[in-house]
Amino acid sequence: MDIKTIKKEVKKQINSAETLKDLDDIFKKYLGKKGKITQILRSLKDLSEKQKKETGKLANEIKKELESAVKEKKYVFQSADWLASKFQDIFDISVPSKKPLVGHLHPITLVRRKVEEIFQQMGFSVVEGPEVETEWYNFDALNIPKDHPARDAWDTLWLKPESQKLLLRTHTSPVQIRYMEKNQPPLRIIVPGRAFRHEATDASHDVQFYQLEGLMVGKDISVANFKAIAKEFFQRFFNKEIKVRLRPGYFPFTEPSFEIDVQCVICGGKGCSTCKQTGWLELWPGGMVHPNVLKAVGYNPKFWQGFAFGMGLDRLVMMKYKINDIRLFYGGDLRFLQQF
Ligand code: DAH
């Protein structure tokens, strides 16, 4: 057999050897008294001077390789055997290892991203604003004057020293003002973010929660546009045909103001415990931007108009995943979080 073929054969066999005995057998087969390589080395004398040199060199190389490969493998096998015999009562080395714990997105983040995607498809930009606000942006510019009763209702968390009049924003609406101050209409934005209120917690209230503010300003933006956008959004979000209705509401920064109700996504409008048997879910407050708000940012209300809304993002998440307590979102309980 050609010496090069032998070399390949030897390598293959060493690699697939599984026991010490296999290795001994390979060693004997090639380097034993009657081994293939031994025989080649013995017959060298019958070859020409040139052949002798080439074949001899190659045969010796294989011999060395084989010897060291066998030595190395023997060592590996012996150590494994030794380990196994030593520890067989302690651990089972054939048990698959534990999977590392991999994190995942919080349900609010999952829903926020989905909502952003839907609004972006409808031409809205995603904008952010500060969580620590001034009185002006949180109240005054939004047409909530100093003595207005609505201010009390916000139950604001004021920062110290109180003389600075800094607060944790009570809603995402101040970002409307910040954005309009720096940009000219026509514009379409949404503002997902955290808001804070100084109130007792229960299943549907927490001191912090997420809102989704929206604002669209242009030349001929009407209530009809608002209703169409709301319907389109909910249909894409819940992936089915959904009816919406407008009821009158009140907010200082919109005129007229509405509550947009969505046909209950749980019972389809028949009445169930989620919609308190009404068939409708109160999900989305909003209205047409008040002329005073437009004036506060330097827009001419005779020329520009638009709508704004401020949806509770947590409520949307609670609807989607049928979660009945808002405090679960912020409690950090892994038994809850790992379900998403
Ligand atoms: N900021 C209001 C709140 O926190 C929600 C809201 C209502 C926002 C009407 C709006 C709006 O932009 O037009 O309750």
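Order of listing sets the numbers, starting from 1, for every ligand and every atom in it.
- Heavy-atom proximity to G286, at under 4.0 Å, picks out these atoms of ligand 1: 9 (C), 11 (C), 13 (O).
- Pairs passing the side chain to side chain donor-acceptor pair (under 3.5 Å) check and including a residue from residues 308-336, sequence neighbours excluded, read D314-Y330, D325-R327, D333-R335.
- Salt bridge annotation for R236-E232: present, with a cationic side-chain nitrogen under 4.0 angstrom from a carboxylate oxygen.
- Of the N or O atoms in F309, one or more lie within a sub-3.5 Å distance of an N or O in ligand 1.
- In summary, the atoms of ligand 1 found under 4.0 Å from a heavy atom of G287, numbered by their order in the structure, are 13 (O).
- Counting atoms of ligand 1 from 1 in the listed order, those under 4.0 Å from a heavy atom of T254 are 13 (O).
- Here S173 has side-chain heavy atoms under 4.0 Å from ligand 1, and that is the only part of it that gets that close.
- Geometrically, ligand 1 and F251 share no nitrogen or oxygen pair separated by less than 3.5 Å.
- Put simply, part of Q211 is less than 4.0 Å from ligand 1, judged by heavy atoms.
- With salt bridges taken as basic N to acidic carboxylate O contacts below 4.0 Å, none links K73 and E18.
- Taking the charged nitrogens against the carboxylate oxygens, K29 and D25 have no contact shorter than 4.0 Å, which rules out a salt bridge.
- A salt bridge links R112 to E116: at least one charged side-chain nitrogen sits closer than 4.0 Å to a carboxylate oxygen.
- Of all the heavy atoms of R197, the ones lying under 4.0 Å from any atom of ligand 1 belong exclusively to the side chain.
- Heavy-atom contacts of Q176 reach the following atoms of ligand 1: 12 (O) (cutoff under 4.0 Å).
- T134 pairs by the side chain to side chain contact (heavy atoms under 4.5 Å, CB included) definition with W136, Y137, L166, not counting sequence neighbours.
- Between T170 and ligand 1, no N or O atom pair is found at a separation short of 3.5 Å.
- Shown here for P192 and V126, the closest heavy-atom pair between the two residues is CD-CG1, 3.7 Å.
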